[in-house]
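Below: one structure, written as structure tokens.
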Amino acid sequence: QPSPKVGTPKAQKDMVNAVDHLLDSSHGISTVPSLDLGLLSPAAEALLGAARAIVHTTNKLLDVAKPVVQGSKDPSSMNAMSNAVKSVTGGIQALMTAANGLKPGQKELNEAIEVIQATSVDLDSAALNATIGSPGNSAPPGKTAPKCQEEIMESSKELATAVKEVITAAKSAPENLGKAAKHTSDVVPRLATAAKQADGLLRDNTQQQEQLALAKNVTDGVLELTCAAKENNMNNIAQAAQATSLAIHGLLAALKLSMAGSAALEEALGMVK
């Protein structure tokens, strides 16, 4: 049946009755049975706190909404209801965030994303310095460019393995995605450090910029992969993994100029074909 118009007396009475019913049913919800918080994980505590906050803000919204649905035009009542709605909305978002925190591996995935994002920004800064011709030398005394490039190769190999771990976890053991993502975030900063150190030791500015750009491509690919793993979207994970593998292959291929004939490099390239 068609609903009565909101402005009719019957509609207003129905709304008042509905609010009364919600108030009657919601009061007392905030009385939660006693829990031993020491037995709860931090994620579970956060969820419980968010749930309690939702009950409190919802009760407040229902209280302040009643005068408005009864026809009050008082600005203070309208403002109070508007603020209460914002509080409920914020509470719902906090509850969703807390609920996501209970998923296996979410903490590790979030931390991995933060580390990889910071590394990406760091590489952007290094690339800018290289572009203006002042890369700086961050390598420790005695370290050579070939040694840095060897470290780039080793980190690339380990990263290729970590990417495969993410794919395997996504396919057969999603609870291990956090662990797999942490592996990638452990390797990416090492790769970036080696690339920046090599950048400061190389004399060719074009080579400097190319190597940093390739390292940045790898980092951004891993970031996309980790974000896809957080969503546990297999299609996105597969696409990001392929893009990351291509980026790793591109970085390794660029090393062939200075590491020609290296069996280790050829092995690394074979890992990401």
Side-chain angles (χ1 to χ4, degrees), residues 35-51 53 90-126 151-196 215-249 251 268 271-272:
L35 293 173
D36 184 353
L37 296 181
L39 299 177
L40 298 178
S41 67
E45 284 189 39
L47 182 64
L48 180 61
I92 292 172
Q93 292 174 340
L95 184 63
M96 292 174 64
T97 299
N100 284 333
L102 288 176
K103 295 179 181 178
Q106 286 298 303
K107 180 175 181 293
E108 291 85 353
L109 283 161
N110 289 333
E111 290 174 350
I113 289 171
E114 288 181 7
V115 169
I116 298 167
Q117 283 177 330
T119 304
S120 179
V121 171
D122 196 24
L123 284 170
D124 276 334
S125 177
E151 291 178 356
I152 292 173
M153 178 193 69
E154 292 298 329
S155 294
S156 297
K157 285 172 59 179
E158 186 175 354
L159 199 52
T161 299
V163 168
K164 292 176 182 177
E165 290 173 357
V166 172
I167 296 173
T168 299
K171 286 181 177 179
S172 56
E175 66 275 10
N176 292 332
L177 277 171
K179 180 180 178 182
K182 186 180 184 307
H183 189 185
T184 65
S185 69
D186 288 341
V187 182
V188 166
R190 297 205 304 268
L191 173 66
T193 296
K196 289 187 297 179
K216 177 71 162 53
N217 286 345
V218 172
T219 301
D220 289 347
V222 176
L223 178 59
E224 185 178 348
L225 175 64
T226 310
C227 290
K230 182 179 178 180
E231 299 170 357
N232 197 15
N233 185 311
M234 195 61 227
N235 287 335
N236 291 345
I237 289 173
Q239 291 176 9
Q242 183 179 18
T244 303
S245 295
L246 288 173
I248 294 173
H249 191 277
L251 177 59
M271 290 178 61
V272 291

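Contact record, Ser185 with Val115: O-CG1, 3.6 Å, taken as the closest heavy-atom pair. Across Ala229 and Leu177, no two heavy atoms sit closer than the pair O-CD1, 3.6 Å. For the pair Val166 and Ala181, the tightest heavy-atom approach, listed with the atom from each and the gap, is CG2-N, 4.4 Å. When all heavy atoms are compared, the tightest approach of Gly178 to Leu109 is CA-CG, 4.0 Å. Between Met153 and Ala268, the closest heavy-atom pair is CG-CB, 4.1 Å. Residue Ala112 comes nearest to Thr226 through the heavy atom pair CB-CG2, 4.0 Å, listed as atom of the first residue, atom of the second, then distance.
Heavy-atom neighbours of Lys216 NZ from other residues, nucleotides or ligands within 6.0 Å: above the threshold of 12. No more than 12 heavy atoms of other residues, nucleotides or ligands sit less than 6.0 Å from atom CD of Gln242.
Counting only heavy atoms from C-beta outward, the side chains of Lys171 and Thr168 never approach each other to under 4.5 Å. Under the 4.5 Å side-chain criterion, counting only non-hydrogen atoms from C-beta, Leu251 is in contact with Ile152. The shortest side-chain heavy-atom distance between Glu151 and Glu154 does not fall under the 4.5 Å cut-off.
Side chain of Asn110 to main chain of Gln106: a donor-acceptor pair is present (N/O by atom type, distance under 3.5 Å, no hydrogens or angles). Proximity of a side-chain donor or acceptor of Ser245 to a complementary backbone N or O of Ala241 within less than 3.5 Å is detected.
Residue Ile248 holds its CD1 atom at 11.5 Å from CG of Asn217, rounded to the nearest 0.5 Å. With rounding to the nearest 0.5 angstrom, the CG atom of Asn176 is 13.5 Å from the NE2 atom of His183. Separating the SG atom in Cys227 from the CD1 atom in Ile237 is a distance of 11.0 Å, to the nearest 0.5 Å. Lys157 NZ to Leu159 CG: the interatomic distance, rounded to the nearest 0.5 Å, is 13.0 Å. Between Asp220 atom CG and Leu225 atom CG the span is 12.5 Å, to the nearest 0.5 Å.
A side-chain contact (heavy atoms from CB on, under 4.5 Å) with Thr184 is found for one member of Thr161, Thr219, Val222 and no other, namely Val222.
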| task | Carefully, step by step, assess Gln117 and Leu223 under the rule side chain to side chain contact (heavy atoms under 4.5 Å, CB included). | result | CA-CA 7 Å; Gln117 283 177 330; Leu223 178 59; 3.6 Å; yes
